[in-house]
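Single-structure report; data block below.
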2 protein chains.
Amino acid sequence: MKELTERQKQILDFIRHKQDFDKLTPTLREIASHFRFSSPNAALAHVQALRVKGFLKNSPGRARSLQLVNLRQGGRPLAPQIVSVPIYGAIPAGRPMDAEQEEEGCVLIDVDTLGIKPTTRTFGLKVHGDSMIGKSIIDGDIVIIEHGVQPRSGDVVAALIDGQVTLKTFVLQQGKPYLRAENPRYPKLIPQEELQIQGVMVALVRRRK
Amino acid sequence: MKELTERQKQILDFIRHKQDFDKLTPTLREIASHFRFSSPNAALAHVQALRVKGFLKNSPGRARSLQLVNLRQGGRPLAPQIVSVPIYGAIPAGRPMDAEQEEEGCVLIDVDTLGIKPTTRTFGLKVHGDSMIGKSIIDGDIVIIEHGVQPRSGDVVAALIDGQVTLKTFVLQQGKPYLRAENPRYPKLIPQEELQIQGVMVALVRRRK
DNA sequence: TTCACTACTGGACGTTAGAACAGTACTGGA
DNA sequence: TCCAGTACTGTTCTAACGTCCAGTAGTGAA
């Protein structure tokens, strides 16, 4: 990690302060105005430098999309981090973050328990049926799914089959990926062809009935 | 404070989720695309409704300026309440809230998910062994136990047997209380005499190994 | 039947905002 | 003297974004 110049530190502090205080990432023009630059390009140059040096992230073209990159090495945030995870009863098709007609509420849980990075796309899936009884996952359980993670053999994954999301165990058999239901009443092995894996199970929450 | 419609709750949850995970307030178009609206105006209408009802704030004309308003009515937060639940690996003897040498950390979870009153004495118990496999509770699970609640037949309870806490199913047979293990390899029925019931299971949390 | 409310579609407008290009100026080192 | 790096000015282009207007449709109460 490269060192920052004095000016770049000031810019970074200003962004941090604005995010804490206003809960709103400043625009380049707001940065410029604060530092009495007369051109947004001056702010842009600094932001770009901070990006190159790894202190900032952003989504190109997006308004107010600057994000601080947490560089804490070994250090843990003092306050435990809570994230709200939306729960879906079913995901009809497409990417998991679309088509939220079935949204059923929200679980709030700490990042430590989930064991995920807070930037990850994560959602909860309400389990219907007993196809995963062999993994001790039962009807009504809420399975926390992390999207965009490469599953390892034996992981429980949410997979899209016939426009319906179901839970299956991901297995590698002689290097080939298969999906397995954990119930003798279901087909044992499904070749993972044309099947879209929505995510990997990272946690499970069960409420009393 | 007015009630929210189902749809408005979903929108609010989505904004909350996006802010937690992406640290970035979604734009109207992002909300619209998420819910498969074809017009940003649909999202705007909901956001305006949420504004009128006092759940959201924003700065007019500013990009990504939506802010959640934390509502408190008479001291009680309407926003979901988080409780931190201590986890014990074992409870050697006596009352469950004593002798905390075995504390193994903490789960933070919202009261809504637990379905309990926040005033209740609640603790987590790390499950050892497979005596409750029949109830889909496996080794390593964290069982959330509510103390001081009268168990109903069929409830999973934490009971003190020989100075060790184990999970059992509480059953009433002809009016008599018994404890049952949910694994054929364990004794089926234990008369509940001199056995101290520590609490009733209200929820379960499982982390990925 | 009318009316209010919710939940959208579709299009348009003007502002906000990121990004790029072309410069100027200072500094410090080779 | 040249050159790279930092720190800007000034302008412009285009996309992103909030907001508005005009509709449509369903529902449930008066």
Atom [atom1] of [X] and atom [atom2] of [N]: how far apart are they, to the nearest Å?
X      : N       : atom1 : atom2 : value
R62(A) : dT14(D) : CZ    : C1'   : 14 Å
I31(A) : dT16(C) : CD1   : C1'   : 15 Å
L56(B) : dT19(D) : CG    : C1'   : 16 Å
L44(B) : dG23(D) : CG    : C1'   : 16 Å
L24(B) : dA17(C) : CG    : C1'   : 14 Å
E6(A)  : dA7(D)  : CD    : P     : 10 Å
L28(A) : dA15(D) : CG    : C1'   : 14 Å
R36(A) : dT9(D)  : CZ    : C1'   : 16 Å

Given [options], identify the nucleotide with an atom nearest to the side chain of [X].
X      : options                  : value
F37(B) : dC8(D), dA16(D), dC8(C)  : dC8(C)
P60(A) : dA12(C), dA19(C), dA7(C) : dA19(C)
N58(A) : dA19(C), dC8(D), dC8(C)  : dA19(C)
R51(A) : dT19(D), dA19(C), dC8(C) : dA19(C)

[X] versus [Y]: any side-chain heavy-atom pair under 4.5 Å?
X       : Y       : result
L179(B) : I197(B) : yes
V143(A) : V156(A) : no
P26(A)  : I15(A)  : yes
L125(A) : I142(A) : no
D130(A) : I138(A) : no

Can you see if the side chain of [X] gets near the phosphate of [N] - specifically, an N or O under 4.0 Å from OP1 or OP2?
X      : N       : result
S38(B) : dC8(C)  : no
H46(A) : dA7(D)  : yes
N41(B) : dG23(D) : no
S39(A) : dG10(D) : no
R64(A) : dA17(C) : yes
Q48(B) : dT19(D) : no
T27(A) : dT16(C) : no

Checking all strands, does A42(A) fall into the base, sugar-phosphate, or nothing category for heavy-atom contacts under 4.0 angstrom? base

Base, sugar-phosphate, or nothing: which does R7(A) touch, judged by heavy atoms less than 4.0 Å apart? sugar-phosphate

Can you tell me the pairing partner of dA30(C) across any strand shown, Watson-Crick or G-U wobble, with both distances under 3.5 angstrom? dT1(D)

Let me spell it out: for each of G61(B) and A45(B), pick the nucleotide of DNA chain C with the closest heavy atom. Which residue's pick is nearer the 5' end? A45(B)

Residue pair E146(B) / T122(B): nearest heavy atoms and the distance that separates them: CG-OG1, 4.3 Å

Can a donor-acceptor pair under 3.5 Å be found between the side-chain atoms of R29(B) and the base atoms of dG18(D)? yes

